[in-house]
Amino acid sequence: MDSPEILSLYAQLNKVPKGTVVTYGSLAKMIGKPGGARWVGYVLKNLPEETKLPWHRVINSQGKISLPGERGEVQKRRLKKENVEFTNDRVRLKAYHWNP
DNA sequence: TAAATGACTCGCT
DNA sequence: AAGCGAGCCATTT
C-alpha cells in the first residue's frame, strides 16, 4: 500500500501542467520535504507502467534527464511532444511556477 | 532492528 | 564548465 507521503507526491505531481517541468528537489519541497529529492526518484521508479501521472515532467536540477536507458529516451520524446525545448540533452526552460 | 538502495542536490576544487 | 564527495529522505531487504 502507498503511504500518505506517496499519495501526496502523486497529487502534487498530478498538478504539474503540461509543457512544464519540475525538479526532484522542487517537487519534494512542495510536499513539505526539502532534501527529499532522492526519495522522489525512488518513488517514481516504483511507479507502475500504467500510471497516468506526468512522471516525464520530472527532471534533475541540472535540467537533464536523470532516467537512464531507453526510459530516458521515452521521457525526452514525451517532453518534446509537449513543446518543451531541448538544447542537446538539456531542457532550455524550467518553466515551473508553483503557487502555494 | 539495522544496513543498503536510488530517476537527487549542493558546495568545493 | 565539469568532476568529486558528503548530506538527505523514505522505502525496501
Side-chain angles (χ1 to χ4, degrees):
Chain A
M1 251 331 254
D2 294 339
S3 69
E5 305 295 344
I6 305 270
L7 295 177
S8 179
L9 177 59
Y10 287 172
Q12 195 60 46
L13 178 56
N14 213 15
K15 287 181 189 171
V16 177
K18 181 182 71 169
T20 69
V21 293
V22 291
T23 65
Y24 296 88
S26 299
L27 199 51
K29 201 172 183 178
M30 292 176 210
I31 65 175
K33 296 190 181 324
R38 215 166 176 178
W39 166 73
V40 172
Y42 200 94
V43 174
L44 292 185
K45 182 187 179 187
N46 229 325
L47 283 175
E49 295 183 10
E50 291 78 16
T51 187
K52 51 187 190 303
L53 291 172
W55 56 268
H56 55 276
R57 296 181 192 146
V58 185
I59 60 176
N60 61 25
S61 63
Q62 298 178 354
K64 294 184 183 174
I65 304 297
S66 290
L67 214 177
E70 294 192 28
R71 297 277 186 231
E73 296 299 320
V74 173
Q75 176 175 14
K76 186 168 140 189
R77 197 171 65 219
R78 283 206 194 183
L79 286 175
K80 281 188 176 179
K81 186 161 189 177
E82 293 188 353
N83 301 325
V84 175
E85 301 180 22
F86 275 84
T87 302
N88 278 327
D89 283 351
R90 289 180 215 156
V91 175
R92 187 183 273 279
L93 282 166
K94 288 197 203 168
Y96 170 61
H97 298 289
W98 174 46
N99 308 316

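In the text below, chain A, chain B and the rest are named by the order of the sequence lines, each starting its count at 1.
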Can you tell me the distance, in whole Å, between the [atom1] atom of [X] and the [atom2] atom of [N]?
X: A:Trp55; N: B:dC8; atom1: CH2; atom2: P; result: 14 Å
X: A:Asp89; N: C:dA2; atom1: CG; atom2: C1'; result: 16 Å
X: A:Arg38; N: B:dT5; atom1: CZ; atom2: C1'; result: 8 Å
X: A:Leu44; N: C:dA10; atom1: CG; atom2: C1'; result: 13 Å
X: A:Trp39; N: B:dA4; atom1: CH2; atom2: P; result: 23 Å
X: A:Asn88; N: C:dA2; atom1: CG; atom2: P; result: 11 Å
X: A:Leu9; N: B:dG6; atom1: CG; atom2: P; result: 19 Å
X: A:Gln62; N: B:dA7; atom1: CD; atom2: P; result: 16 Å

Exercise. Which heavy atom in A:Asn88 sits nearest to a heavy atom in A:Lys76, and how many Å separate them?
Worked result: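 Heavy-atom minimum between the residues: O-NZ, 4.3 Å.
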Exercise. Which heavy atom of A:Lys33 sits nearest a heavy atom of A:Trp39, and at what distance?
Worked result: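 A:Lys33 and A:Trp39 have their closest heavy atoms at CD-CZ3, 4.4 Å.
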Exercise. Do the side chains of A:Gln12 and A:Val22 get nearer than 4.5 Å, heavy atoms only?
Worked result: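 When only atoms from C-beta onward are counted, A:Gln12 and A:Val22 do not touch, as no gap falls below 4.5 Å.
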Consider the side chain of [X], meaning its heavy atoms from C-beta on, and name the nucleotide among [options] that approaches it most closely.
X: A:Asn60; options: B:dC10, B:dC8, B:dG6; answer: B:dC8
X: A:Arg90; options: C:dA2, B:dT9, C:dT12; answer: C:dA2
X: A:Ser3; options: B:dC8, B:dC10, C:dT11; answer: C:dT11
X: A:Thr23; options: B:dA7, B:dG6, B:dT9; answer: B:dT9

Problem set entry | A:His56 NE2 to A:Lys18 NZ distance, which is reported to the nearest 0.5 Å |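 Answer rounded to 0.5 Å: 9.5 Å.
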Exercise. Hey, does the side chain of A:Ser61 come within less than 4.0 Å of B:dC8's phosphate (OP1/OP2), counting only N and O?
Worked result: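 Result: no.
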For this session: Kindly say if A:Asn46 contacts the phosphate of C:dT11, meaning a side-chain N or O under 4.0 Å from OP1 or OP2.
Result: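 Checking A:Asn46 against C:dT11: no side-chain N or O falls below 4.0 Å of OP1 or OP2.
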For this session: Please state the C1' separation for the pair C:dT13 and B:dT1 - nearest whole angstrom.
Result: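 After rounding to an integer number of Å, I get 12 Å for this pair.
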For this session: Examine distances only and state if a side-chain atom of A:Gln62 and a backbone atom of A:Arg90 form a donor-acceptor pair shorter than 3.5 Å.
Result: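 Flag not set: sc A:Gln62 to bb A:Arg90 has no pair under 3.5 Å.
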Exercise. C:dA10 base to A:Tyr42 side chain: any donor-acceptor pair below 3.5 Å?
Worked result: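 Absent.
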For this session: Return the 5'-most residue of the pair A:Lys33, A:Lys64 with respect to DNA chain C, ranking by each residue's nearest nucleotide.
Result: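 Nearest nucleotide further toward 5': that of A:Lys64.
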